[in-house]
Novice: 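Pasting a structure here, questions to come.
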Amino acid sequence: LEAEGDRERDKPLICVTFDDGYRDNAEIVAPILATHGLKATFFLATGLIGTDQRFWFDRAAQAYQRLGNEGIQEKARHSGGTLSEWMMHLKSISSDRRESLLDDLESDSESVEATLMTWNQARALCEQGHELGSHTMSHPLLPQLDDLSLQRELSVSKSLLEDKLGQDIPGFCYPNGDHDERVIDAVKTAGYEWACTTKAGRHDSGRDPYRMTRLDITPQRVLHESQEHDELGFRSEISLLREHFRTKGQSAS
């Protein structure tokens with residue numbers, strides 16, 4: 001039995017993670033995981049759970065979809081371009097300016113539908129055996145925050161999760177993956193034992209637990225045009241084969 005246990009520990013481990021705390025994680029994802037006997041880690045932006053508030057990037061994408069490139073260029077005095085370029089522009093400005101700009105872009109008649117899970121749904125995920133982690137209070141760009149705001153986003157989120165769920169919260173996920181040495185030190189000080197980035201890669205044994213790499217599995221990467229599962233595409237992603245060619249292509253350009 002001991003030898004068998006050693007062999008099991010030598011096998012690669014796969015952790016399935018979901019960021020932000022969207023309602024569909026509880027309503028759609030969790031039942032699918034249950035049918036396959038899988039557990040996952042869900043990182044929640046705790047200050048928004050159970051509210052009808054939206055993340056700034058969701059508001060930005062909705063504005064871009066409604067106004068189009070030319071509309072964004074006219075109303076936001078932004079040079080236009082792709083959705084990705086629009087998002088990068090918003091990330092480059094202060095949070096106050098970003099919020100003000102998005103407020104100006106939103107239509108008065110725009111309907112707001114709650115997209116984030118409730119605390120009851122979060123507790124149900126725990127009862128089903130899933131792990132919950134912190135994703136700050138409001139999903140800010142952490143390197144932009146002053147020390148006091150940074151400490152609050154990290155510590156209050158952790159304590160709120162622990163109070164609402166009745167369990168220790170050791171894990172953290174950097175919003176947008178943005179972090180620097182000051183942010184990492186603050187994450188450690190807040191009492192987290194590990195933290196996930198958005199950097200692509202496998203997290204091998206012995207690597208820094210506060211810089212955990214992940215693989216971003218999106219529909220565009222693992223589905224055929226018919227929206228059916230592409231097993232070869234999935235294998236290419238988890239083996240890092242596609243990441244190798246993406247990186248190689250970027251270097252060549």
Novice: Tell me the closest heavy-atom pair linking T213 and H203, and the distance in Å.
Specialist: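 Shortest heavy-atom separation between T213 and H203 comes out as OG1-N, 3.5 Å.
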Novice: Cut-off 3.5 Å, side chains only: do S138 and E153 have a donor facing an acceptor?
Specialist: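 Yes.
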Novice: Are the side chains of D168 and E193 in touch, meaning some heavy atoms are under 4.5 Å apart?
Specialist: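 SC-SC contact between D168 and E193 confirmed.
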Novice: To the nearest 0.5 Å, what is the distance between OG (S157) and CD1 (I169)?
Specialist: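 Atom-to-atom, S157:OG and I169:CD1 are 8.5 Å apart.
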Novice: Ignoring hydrogens and angles, tell me if any N or O in the side chain of E85 forms a donor-acceptor pair with the backbone of T82 under 3.5 Å.
Specialist: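 Side chain of E85 to backbone of T82: a pair is present.
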Novice: Can you tell me how far CG of L116 sits from CG of L44, rounded to the nearest 0.5 angstrom?
Specialist: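 Spacing of CG (L44) from CG (L116) equals 9.0 Å.
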Novice: By side chain to side chain donor-acceptor pair (under 3.5 Å), which residues pair with D58, not counting sequence neighbours?
Specialist: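 With neighbours one apart ignored, the set is Y22.
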Novice: With the side chain counted from C-beta on, respond yes when T35 and P31 share a heavy-atom pair under 4.5 Å apart, and no when they do not.
Specialist: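 Heavy-atom side-chain distance check fails, nothing below 4.5 Å.
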Novice: Measuring from atom CD of Q62 to atom CG of L67, what distance do you get when rounded to the nearest 0.5 angstrom?
Specialist: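 Result: 10.0 Å between the selected atoms.
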Novice: So which heavy atom on L215 is nearest to which on I238, and how close?
Specialist: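 So the two residues come closest at CD1-CA, 3.6 Å.
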Novice: Report the distance from atom SG of C173 to atom CG of D20, rounding to the nearest 0.5 Å.
Specialist: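 Those atoms lie 8.0 Å apart.
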Novice: Looking only at heavy atoms, what is the nearest atom pair of N69 and G81, with distance?
Specialist: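 N69 and G81 have their closest heavy atoms at OD1-N, 2.8 Å.
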Novice: Tell me whether H36 contacts the main-chain N or O of A34 through its side chain, where contact means a donor paired with an acceptor under 3.5 Å.
Specialist: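 A pair under 3.5 Å: no.
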Novice: For E181, check side chain to side chain donor-acceptor pair (under 3.5 Å) against everything at least two apart and list the hits.
Specialist: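 If we apply the side chain to side chain donor-acceptor pair (under 3.5 Å) test to E181, skipping adjacent residues, the hits are R211.
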Novice: Near R97 CZ, under 6.0 Å, is it more than 12 heavy atoms from other residues, nucleotides or ligands?
Specialist: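 Not more than 12 within 6.0 Å, no.
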Novice: Check R182 against P143 and note the closest heavy-atom contact, atom names and distance.
Specialist: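 Minimum heavy-atom contact is NH2-O, 3.4 Å.
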Novice: Does either side chain, that of T41 or that of T17, offer a donor lying less than 3.5 Å from an acceptor on the other one?
Specialist: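 T41 vs T17: no donor-acceptor pair found between side chains.
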Novice: Under a 4.5 Å side-chain heavy-atom rule over Ile, Leu, Val, Met, Phe, Trp and Tyr, are I72 and I93 clustered together?
Specialist: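 I72 clusters together with I93.
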Novice: Treating Ile, Leu, Val, Met, Phe, Trp and Tyr as nodes and any side-chain heavy-atom pair under 4.5 angstrom as an edge, say whether M212 and V183 lie in one connected cluster.
Specialist: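 Shared cluster, no.
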Novice: Output the distance between atom CG (L223) and atom CD (E225), rounded to the nearest 0.5 Å.
Specialist: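 It comes to 11.0 Å.
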Novice: Do H135 and D19 meet the criterion of a side-chain donor-acceptor pair at a distance under 3.5 Å?
Specialist: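 Distance-only check fails for H135 and D19.
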Novice: Given the rule that I, L, V, M, F, W and Y join up when any side-chain heavy atoms are under 4.5 Å apart, are F43 and M117 in one cluster?
Specialist: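 No, because F43 and M117 fall into different hydrophobic clusters, even though each may have its own neighbours under 4.5 Å.
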Novice: Just checking, K158 and F172: is the charged tip under 6.0 Å from the six-membered ring centre and within 45° of the axis?
Specialist: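 Geometry flag: not set, cation outside 6.0 Å or 45°.
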Novice: Test your reading of the model: is there a side-chain donor-acceptor pair from W119 to the backbone of G50, 3.5 Å cut-off?
Specialist: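 Such a contact is absent between W119 side chain and G50 backbone.
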Novice: NZ of K91 to CG of L141: how many Å apart, nearest 0.5 Å?
Specialist: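 With rounding to 0.5 Å, NZ (K91) is 6.0 Å from CG (L141).
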Novice: Check this for me: K39, atom NZ, are more than 12 non-hydrogen atoms of other residues, nucleotides or ligands nearer than 6.0 Å?
Specialist: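 Enclosed.
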Novice: Which heavy atom of Y192 sits nearest to which heavy atom of S134, and what is that distance?
Specialist: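 So the two residues come closest at OH-OG, 3.0 Å.
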Novice: Would you name the heavy atoms of L48 and Q53 that are closest together and state the gap between them?
Specialist: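 Shortest heavy-atom separation between L48 and Q53 comes out as CG-CB, 4.2 Å.
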Novice: Would you please indicate yes or no on a ring centroid separation below 6.0 angstrom for F57 and H139?
Specialist: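 Yes, the ring centres sit under 6.0 Å apart.
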Novice: Would you please name every residue forming a side chain to side chain contact (heavy atoms under 4.5 Å, CB included) with E231, sequence neighbours left out?
Specialist: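 Expected list: H229, R235.
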Novice: Answer whether the closest heavy-atom distance between the side chains of R214 and T198 falls below 4.5 Å.
Specialist: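 Yes; the side chains approach each other to less than 4.5 Å.
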